[in-house]
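Single-structure report; data block below.
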Amino acid sequence: MRICLHTFWSIEQNFIGGTERFIIELCKELNVLGFDAFIVCSGEKSKKIVDGVPVFSALPDWARSDFSEFGEAKAKLFKRLFVEGRTRRQGLVRLARYAEEQLEGFDYDLLHLNSFASAIFTKSTKNIVVTNHENEQETANLWGNGAFKDFSECAKINESTFGNHLALVVPTRHYAKVYSKFFETDVIGIHQGANLLNFPRAPVRPVCDKKEITLLLPSRIEPYQKGQDLAVRALAEVRSSGLNAKFIFSGVRNDNQHNIEELRSLADQMRIKAHIEFTCFADMSEAYEQCDIVVSPERYCSFGLSVSEALAVGKPTVLSNIPTYMEISRGFAHAYQFQSNNHTDLAAKILDASSELDVKRSHDIFRFREQFDFRECAKTYGRLYSGVTS
């Protein structure tokens with residue numbers, strides 16, 4: 001069975017982003033299972049191999065000039081093409097047209113779209129499965145306030161094909177319940193997780209050898225969602241308590257330099273600028289190996305890919321108590337939940353985690369890896385594909 005996984009976003013060799021990583025890992029595992037899977041994304045027409053996966057780039061002719069201006073398919077291009085000067089319905093219709101024109105000429109048995117927005121007005125007669133990776137707040141960041149409510153209304157009109165698709169999927173039970181009610185149709189939850197072949201258990205750095213505790217925040221630099229500002233404020237309190245700690249912020253890319261400068265300015269005001277590092281890792285397993293504690297202070301998230309990776313490699317992980325994180329981490333002793341949006345509580349939980357670095361969590365790590373093995377996610381999708389096309 002030939003499976004086409006589609007995304008609007010660009011996917012390059014140095015890709016960063018949860019949706020892109022999910023699609024790459026799913027494609028890899030589907031091919032191991034015996035499917036013939038490939039990816040179509042935005043970009044000048046080409047074929048490349050990314051982490052062993054065939055990735056085809058394509059663009060509608062009418063989008064070329066805007067793509068050339070921005071150089072990649074990121075949020076600014078998305079807003080230019082589908083949001084600015086258009087009603088929500090016009091933007092959704094245009095997005096569906098964009099995807100359909102990208103996919104012209106590709107042969108496949110089943111199409112896997114990776115946003116509800118691209119699936120509301122699609123005219124394709126192919127078998128379609130849809131996974132949505134953005135919650136209501138993340139959608140508002142792209143489309144503007146109230147967008148998800150407008151999506152729901154558009155999905156219910158006669159011109160919409162949203163209710164005709166074979167399956168609508170989200171990465172957690174929490175959002176499956178929320179969106180089933182919101183869209184008045186069945187939405188299922190399929191947990192994602194960590195690719196255990198990419199993330200073997202990270203070696204534990206001996207506590208007695210440490211002169212400085214290294215904290216890692218493995219997310220793109222978007223403070224309003226990812227909470228790097230909370231991390232800076234928490235680090236100031238952690239250091240004031242006497243713990244010699246530093247933060248590594250991974251996820252640096254070309255379009256977030258302004259956010260980095262604002263965070264550096266904040267760190268300078270709090271006199272901890274020398275203890276913060278901004279970088280990007282080609283291999284995230286190296287990032288987890290270099291740190292002692294992983295911190296994820298997100299204010300909202302549709303799943304939590306980096307959280308699942310951190311817990312899978314066995315790192316003490318301090319995370320906000322948002323619903324999706326609680327669904328992933330509840331019951332695991334190496335997960336430390338703090339009150340969302342509260343940097344003082346974040347600092348306190350970092351101190352708790354640092355005091356227990358020498359505690360062995362082998363049983364919890366095994367249970368987490370068993371429960372959130374990405375291969376289980378891929379097998380669930382494989383069964384879904386086979387069931388709807390049989």
Side-chain angles (χ1 to χ4, degrees), residues 18 21-22 24-26 28-30 32-33 51 170-174 176 188-210 213-219 248 250 281 283-298 301-338 349-383:
R21 291 173 70 189
F22 164 76
I24 288 286
E25 296 302 331
L26 181 58
K28 286 163 58 176
E29 293 300 327
L30 289 173
V32 170
L33 289 171
D51 203 10
V170 289
T172 61
R173 293 187 298 272
H174 170 77
I188 62 176
I190 298 177
H191 279 155
Q192 296 178 11
N195 185 321
L196 302 186
L197 295 178
N198 292 345
F199 296 100
R201 286 183 55 179
V204 177
R205 295 161 14 124
V207 177
C208 60
D209 291 348
K210 290 185 177 64
I213 299 294
T214 299
L215 311 172
L216 172 71
L217 202 164
S219 298
I248 297 176
S250 69
F281 290 89
D283 182 350
M284 281 305 298
S285 63
E286 295 180 9
Y288 296 120
E289 288 181 6
Q290 290 183 23
C291 76
D292 301 297
I293 299 169
V294 176
V295 179
S296 190
E298 287 204 49
C301 186
S302 59
F303 175 65
L305 181 60
S306 59
V307 165
S308 65
E309 292 171 351
L311 291 169
V313 301
K315 290 296 180 179
T317 304
V318 181
L319 63 161
S320 53
N321 64 348
I322 57 178
T324 51
Y325 279 10
M326 293 300 291
E327 185 173 322
I328 296 170
S329 68
R330 187 181 283 113
F332 296 100
H334 58 313
Y336 298 77
Q337 296 89 8
F338 76 95
K349 294 304 189 296
I350 290 173
L351 291 171
D352 288 346
S354 69
S355 69
E356 298 180 343
L357 288 177
D358 58 347
V359 176
K360 298 189 183 305
R361 308 289 194 193
S362 299
H363 179 63
D364 288 281
I365 296 167
F366 167 75
R367 285 195 306 113
F368 189 89
R369 291 173 73 86
E370 181 184 42
Q371 186 172 340
F372 290 94
D373 181 351
F374 191 83
R375 288 171 294 189
E376 295 304 313
C377 171
K379 285 188 280 188
T380 303
Y381 272 105
R383 289 190 291 268

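Start at 1 with the first residue, then count along the sequence.
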message = If you define the side chain from C-beta out and look only at heavy atoms, does anything of Ser306 sit under 4.5 Å from Val294?
response = no
request  = Applying side chain to side chain contact (heavy atoms under 4.5 Å, CB included), name anything that partners Ala312, two or more places apart in sequence or on another chain.
outcome  = Ala194, Leu196, Phe368, Arg369
note = Residues Pro218 and Leu216: closest non-hydrogen pair is CD-O, 3.5 Å
request  = Under the side chain to side chain donor-acceptor pair (under 3.5 Å) rule, collect the residues that match up with Ser329, sequence neighbours excluded.
outcome  = Gln337
message = I'd like to know whether Leu305 forms a side chain to side chain contact (heavy atoms under 4.5 Å, CB included) with Arg21, so could you lay out the CA-CA distance, the side-chain angles of the two residues, the decisive distance to 0.1 Å, and finally the verdict.
response = CA-CA 9 Å; Leu305 181 60; Arg21 291 173 70 189; 3.7 Å; yes
remark   = By salt bridge (Lys or Arg N to Asp or Glu O under 4.0 Å), Glu370 pairs with (sequence neighbours left out) none
request  = Under the side chain to side chain contact (heavy atoms under 4.5 Å, CB included) rule, collect the residues that match up with Thr380, sequence neighbours excluded.
outcome  = Ile190, Arg383
task = Measure the spacing between CD of Glu327 and OG1 of Thr172 and express it to the nearest 0.5 Å.
result = 5.0 Å
ask   = Atom OG1 of Thr324 and atom CZ of Arg173: how far apart are they, to the nearest 0.5 Å?
value = 12.0 Å
ask   = Considering all heavy atoms of both residues, which atom of Leu357 and which atom of Pro316 are nearest to each other, and what is their separation?
value = CD2-CG, 3.8 Å
ask   = Can you list the residues that meet the side chain to side chain contact (heavy atoms under 4.5 Å, CB included) rule with Leu197, with sequence neighbours excluded?
value = Asn195
query = How many angstroms lie between CD in Glu29 and CZ in Arg375, if you round to the nearest 0.5 Å?
reply = 7.0 Å
ask   = His334: what forms a ring-ring contact (aromatic ring centres under 6.0 Å, His included) with it, not counting sequence neighbours?
value = none
Working for side chain to side chain contact (heavy atoms under 4.5 Å, CB included), residues Ser302 and Val170 = CA-CA 8 Å; Ser302 59; Val170 289; over 6 Å; no
key: Partners meeting side chain to side chain contact (heavy atoms under 4.5 Å, CB included) with Pro171 (sequence neighbours left out)   = Gln192, Phe303
message = Show the nearest heavy-atom pair for residues Leu26 and Ala378, with the distance to one decimal.
response = CD1-CA, 3.8 Å
ask   = So, for Cys377 and Phe22, which heavy atoms are closest and what is the spacing to 0.1 Å?
value = SG-CE1, 4.1 Å
query = Closest heavy-atom contact between Pro297 and Leu217?
reply = CD-CD1, 3.5 Å
request  = Only counting residues at least two apart or in another chain, list the ones meeting side chain to side chain donor-acceptor pair (under 3.5 Å) with Glu376.
outcome  = Lys379
inquiry  = As an exercise, state the distance from CG of Leu215 to CD1 of Ile350, rounded to the nearest 0.5 Å.
reply    = 5.0 Å
Asp292 side chain to Ile213 backbone, donor-acceptor under 3.5 Å = no
inquiry  = Checking Asp352 now: which residues fulfil salt bridge (Lys or Arg N to Asp or Glu O under 4.0 Å) with it, not counting sequence neighbours?
reply    = none
ask   = Can you find a side-chain donor-acceptor pair between His191 and Gln371 that sits under 3.5 Å?
value = no
From Tyr381 atom OH to Leu30 atom CG, the distance as rounded to the nearest 0.5 Å = 10.0 Å
key: Partners meeting salt bridge (Lys or Arg N to Asp or Glu O under 4.0 Å) with Arg367 (sequence neighbours left out)   = Asp364
key: The single option from Val318, Val295, Thr317 passing side chain to side chain contact (heavy atoms under 4.5 Å, CB included) against Tyr336   = Val318
note = Residues passing the salt bridge (Lys or Arg N to Asp or Glu O under 4.0 Å) test with Glu286, sequence neighbours excluded, are none
query = Got Ile328 and Phe372 here, is their nearest side-chain heavy-atom distance under 4.5 Å?
reply = yes
query = Does a salt bridge link Lys315 with Glu289, judged by any charged N lying under 4.0 Å from a carboxylate O?
reply = no
key: side chain to side chain donor-acceptor pair (under 3.5 Å) partners of Tyr325, counting only residues at least two apart   = Ser296, Glu298
ask   = Shortest non-hydrogen contact from Val313 to Phe199?
value = CG1-CB, 3.6 Å
